Amino acid sequence: MTVRPPTLREKRRYLLVRIEPCGILVEGKTLYYAIHEAAVSLWGDVTVAVMQPAVIALEEGYAILRCRRGTERECAIALSTVTACRDHQIALRIIAASGTIDSLRDRIRALGAYTPQSREQEPGKNEECSFDTRTYEIIHRSSQSLDLIEKGFKNTHRLFLTTEDLEEK
Amino acid sequence: MQITDACVYPCPNGSASVRRMALEARALGFDSIVAHETPACMIGDVTVLCGVRITAPAAKDVNTQVKREKGPGRVVSVPARDSGFNRVVCGMPGVHILRDIYVADKYAFDHVTGKIAADNGTAIDLDLSPLITMRGHARQKAIHRYLDILNLHHHFEFPITISSSARSVLGMRTVRDLAGLCSILGMDEEDVRQALLGVAQVTAPKPTAVMVIS
């Protein structure tokens, strides 16, 4: 297949989105299907065909998405209706839009990785806590926020708290 | 300016604490949130208003409960039902918001109710969770209801509020996302701005009808 000269290529825009909650394991393909389903459901086949949404990369808790130039607004609205990826509840927070992937990668470097802090990085931190008479495992900890999952194999729903909530209890 | 998410459900109705929701709301661009069954407070620089939802079956019971629940920092809302109920509730002093209009009957909110809501300063809530979470016919129905409400809003100018009805931080959306979703309903930026200020508008003390000049 011959490569088209730059002037004849379709103009694309790239969106940088943060995948919430932190540390969720998402595959590119499943994320693409989730976005595609949300976009088709909202805008219909014709608009999505014009929009051409695609997942380019998943890096450090962020996703780089592609769409056609001029359809960023529709793409952003469709992204706000993505609520789940397979069985996991997720939310996509749009950080930036750009004409190049490189500039979005620079942005990721500036923001820092959005991945859970591992136990090795924080020795001495208590990774378990109790809340409402139950024991939880701390999945993610940022400045004030805590993401917890109840210990055991039955309940895998996250609880979103702050450090003050734990201190109060 | 108090850009407000008109309804969120923190623990125990949801999976996030009110503090976490307030932190998230600040990050998403809100100044205040109406948290269901949570005491009014300030968390950081986010104002948390106490959301009171009255689900009494009859309008008379609603009136009794509204009198009991009235107070500063409290936002009283009533879920919409049939046309007669909505008319009475919209004209009831102390009711700030009529919500869940997308669940109600097609003719539950008509031009008479719109006029009453405008006269009484009762806001109609546009809950964007059906647009976010629902698909197909259910979402189309919600969009249709909201288009009808906005048509009446442009005519009678009753207040509008916007809520995410989030039960966790994952259900909350940025102000820009909400504006984008509202653009589907034909709302421009100014409409969205006014709607986000709707809670501040309906909870502000109303000027007295009669001014006594000594």
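In what follows, chains are A, B, ... by sequence order, proteins preceding strands, each numbered from 1. What you see is a predicted model; the values in this text were computed from it and never measured.
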Pairing of Arg193(B) and Asp188(B) as salt bridge, 4.0 angstrom limit: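 Looking at Arg193(B) and Asp188(B), the cut-off is not met.
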Between Arg53(B) and Asp100(B), does at least one N-O distance fall below 4.0 Å, as a salt bridge requires?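 Result for this pair is yes, salt bridge flagged.
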Answer with side chain, backbone, both or neither: which region of [X] has an atom nearer than 4.5 Å to a non-hydrogen atom of chain A?
| X | result |
| --- | --- |
| Leu23(B) | side chain |
| Arg176(B) | neither |
| Gln140(B) | neither |
| Leu131(B) | backbone |

Run the side chain to side chain contact (heavy atoms under 4.5 Å, CB included) check on Thr38(B) and Cys50(B) step by step: do they pass? CA-CA 5 Å; Thr38(B) 306; Cys50(B) 172; 5.9 Å; no
Residue-level interface, residues 27-41 of chain A with chain B, non-hydrogen cut-off under 4.5 Å: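 Within residues 27-41 of chain A, near chain B: Glu37(A), Ala38(A), Ser41(A).
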Can you find a side-chain donor-acceptor pair between Asp165(A) and Ser17(B) that sits under 3.5 Å?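 A donor-acceptor contact under 3.5 Å links the two side chains.
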Max heavy-atom pair count under 4.5 Å with chain B, selected residue of Thr83(A), Leu161(A), Leu92(A):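 Highest number of pairs under 4.5 Å: Leu161(A).
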Mind ranking Arg73(A), Gln144(A), Arg93(A) by heavy-atom pairs under 4.5 Å with chain B and telling me who comes out on top?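 Option with the top pair count is Arg93(A).
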Given the side-chain rings of Phe158(B) and Phe109(B), with only the six-membered ring counted for Trp, is the space between their centroids under 6.0 Å?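 Judged by ring-centre distance (under 6.0 Å), Phe158(B) and Phe109(B) do meet the cut-off.
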Can you confirm if the aromatic rings of Phe156(B) and His111(B) lie within a centre distance of less than 6.0 Å?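 Distance test on ring centres: not under 6.0 Å, no.
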What is the minimum heavy-atom distance between Arg173(B) and Val82(A), and which atoms define it?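 Distance-wise, the nearest heavy atoms are NH2-O, 3.4 Å.
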Please give me the minimum heavy-atom distance between Gly186(B) and Asp191(B), naming the atom from each residue.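 Closest heavy-atom pair between Gly186(B) and Asp191(B): O-OD2, 4.5 Å.
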Mark yes when over 12 heavy atoms from residues, nucleotides or ligands other than Gln89(A) sit less than 6.0 Å from its CD; otherwise mark no.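 It does not: Gln89(A) CD has 12 such atoms or fewer within range.
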Could you look at Leu42(A) and say if it's the side chain, the backbone, both or neither that has a heavy atom under 4.5 Å from chain B?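 For Leu42(A), the contact with chain B is made by backbone and side chain together.
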If the test is side chain to side chain contact (heavy atoms under 4.5 Å, CB included), which one of Thr47(B), Val8(B), Leu196(B), Val46(B) qualifies with Phe30(B)?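 So the option named by the test is Leu196(B).
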Counting heavy-atom pairs under 4.5 Å to chain A, which of Ala179(B), Gly136(B), Ser183(B) comes out on top?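 Winner by heavy-atom pair count: Ser183(B).
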